[in-house]
Amino acid sequence: MTPVISFSGVGLTYPGPPPVRALRDASVTVRPGEYVTVVGPSGSGKSTFLNVAGLLDRPTEGVYELDGVDVSRLRERQRAALRGQRIGFVFQSFHLLPYRTATENVALARLYAGVPRRQRATTAVEALDRVGLAHRRDALPLVLSGGERQRVAIARALAQRPSLLLCDEPTGNLDSATAENLLELLDQLCGDGLTLVVITHDRQVAARGQRTLTIRDGVLDE
Amino acid sequence: MSKGSRPSLRDLLGEALAGLAQRPARSVLTMLGTVLGTGAFVAILGLTATAAGQIDSRFTALTATEVTVEDIGGADPADTAASFPPDAAARIAGLNGVRHAGVYWPVPLSAPRFAAAPGAAADQDELTLVAAEPSALAAARPTLRAGRLYDRFHAGRGENVAVLGAAAAGRLGITRLDGHPAVFVNGTPYTVLGIIGDVQRLPDLLLSVIIPTGTALRAYQPPHEQRAKMLIETRLGAAALVASQAALALRPDAPGRFRVIAPPDPQSLRAGVTGDLNSLFLLLASISLVIGAVGIANTSLVAVLERTNEIGLRRCLGARPMHIAAQFLTESTALGLLGGLVGGSVAVAAVVGTAVLRDWTAVLAPWTVAAAPAIGAGVGLVAGVYPALRAAWIEPAAALRR
């Protein structure tokens, strides 16, 4: 089976002065349906790993294949399209548009893929059902609790029908009970066959994954 | 391989408008400069056009071709001799550009009695007896209701003929001419040749019994208290020239015995209204447009910085830099367009309101009104370029920073 993520010798050096080697010689494979967590202290290169994996930054060395496609060679507009179609992002601070309802926020996911409005709304409603927020469809983010907001954000990522859910500290802004709820949702999604990469500095969160990668000073270890 | 992402135009427009609608107060304040600028632009053009139109309506072809020469006599008030020479009409008719010219005066009779039958006592104090040359009648542009005007034959022979104004005929009870009616002035009969239904100049003639000057000079005294006047109809555009030559042509020896009343010069009149004022206000309008543009640019830039997260998120969702730029450019253009629409509407209301208050006819060239939203949109578009570029340059990774 084609791996979802395949890093071989991937590195990223931010041009100086002085040049910073934020990620060096990373080789890792994430297979479909896997639940992988990435841990490391702040400044270790977690964000760089996320940016490279999420097609937000181009690696300066090595080869990155997403679903078997060498993405380092792609043009920027193709990378943007891939980002919109293959990768679902979940952020620590949710990044919901404050003036849009939950459904509208989720529907935004398919906007740049050129999906017609009505179909976007249907997909959004389905995604909200899937994260257990069917009753909060028309709520504005302002009246949602932190946990609910993160679920809306996950629904938005799911609406993209991604091959990979890339979560950056998904529980970072949540209290422990809510965080536990959210982690259960992630387990459930993984059980449905979704590939998950969760970046965290929380050992307990990291323990939920089937595999844990550790990153330290830009070096990735299994 | 997947295609490049391409949302529909309608979706991009929807995103941009949603961005505006989410912050209505800010949008309105941002629009204000554009509203003022386009509003001032339309209002100025509308008001000057309305004022100019007002001048146009007062200044018709009729007044533009009318010159009046008044006999003001000499310096000595005891000098009551008529200033017009006997051949006054011929002298003026010889000038270039004159159509008709003739002398007329109210016949100096104290309390004349008018009647349609001899001896019939009639109370007709409102009627006047006017002596007028046939060419003066022609210059008044009469419309005949019945019969005909008298001509140079009647005037030369001093025939006892008269033409009645419509109102005078009504008072005297003369409506038909088949019986060759006569009007009696202090008992003297004058055969009524015609009835004038309406005149375009000298409306007093409608309340008058008009007789030829030759007849008047034979039967009555020459004018002394109310002096004679001359009505000249000129070709269009010749009035100023005729007016400058008339006094000298009439009496080369004493041109000072006349006052010549010429129509106002239309060009100088209109120039007075539109000239300096217009350009000054248009300059002010442009300044407020520039201020409006700066306002939009400023607000858009702030919005871009404020919405860095949103921009990053959209990039993560597959938006290309072009989409981001298009969204912000659409937002600022829509703001400008809206400002232009509001400004244009307010200005139209102001112009119409002013016209109503002053009893004027509002004149607004359609292109000035249509230009307002276009100018507003243009201002918004130009103002939005830099913020849109800034937005497009934002790295998607920005969304991941907290």
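A note on names: the letters A, B, ... follow the listed sequences, proteins ahead of strands, and every chain is numbered from 1.
B/Arg10 is listed as a side-chain neighbour of A/Arg117, based on a closest heavy-atom distance under 4.5 Å. Side-chain contact check for B/Pro396 versus A/Arg83: some heavy-atom pair is nearer than 4.5 Å.
Rounding to the nearest 0.5 Å places CG of B/Leu313 at 8.0 Å from CG of A/Asn105. Going from atom NE2 of A/His95 over to atom CD of B/Glu310 covers 11.0 Å, rounded to the nearest 0.5 Å.
Both the backbone and the side chain of A/Leu108 come within contact range of chain B, each with at least one heavy atom under 4.5 Å from a heavy atom of that chain. Only the side chain of A/Arg156 comes within contact range of chain B, with at least one heavy atom under 4.5 Å from a heavy atom of that chain. For chain B, no part of A/Arg75 is nearby; none of its heavy atoms comes within less than 4.5 Å. Neither the backbone nor the side chain of B/Arg307 comes within less than 4.5 Å of any heavy atom in chain A.
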side-chain contact (heavy atoms from CB on, under 4.5 Å) for B/Arg314 and A/Leu111? Distances and angles first, verdict last. CA-CA 9 Å; B/Arg314 286 175 187 274; A/Leu111 174 76; 4.0 Å; yes

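When the shell of 6.0 Å around CG of A/Asp217 is examined, it contains 12 or fewer heavy atoms from other residues, nucleotides or ligands. The neighbour count for A/Glu76 CD, taken as heavy atoms of other residues, nucleotides or ligands under 6.0 Å away, is above 12. By the 6.0 Å contact criterion, CG on B/Leu283 is enclosed, its count of non-hydrogen atoms from other residues, nucleotides or ligands being greater than 12. Other residues, nucleotides and ligands contribute at most 12 non-hydrogen atoms within 6.0 Å of the CZ atom of A/Arg73. Counting non-hydrogen atoms of neighbouring residues, nucleotides and ligands closer than 6.0 angstrom, the CZ atom of A/Arg208 exceeds 12 such neighbours.
B/Glu395 and A/Leu56 make their closest contact through OE1-O, 4.5 Å (heavy atoms, listed as atom of the first residue, atom of the second, distance). Looking at every heavy atom in both residues, A/Ala80 comes nearest to B/Ala319 through CB-O, 4.1 Å. B/Leu12 and A/Tyr112 make their closest contact through CD2-CE2, 4.4 Å (heavy atoms, listed as atom of the first residue, atom of the second, distance).
Using a 4.0 Å cut-off between charged side-chain N and carboxylate O, B/Glu15 and A/Arg100 make a salt bridge.
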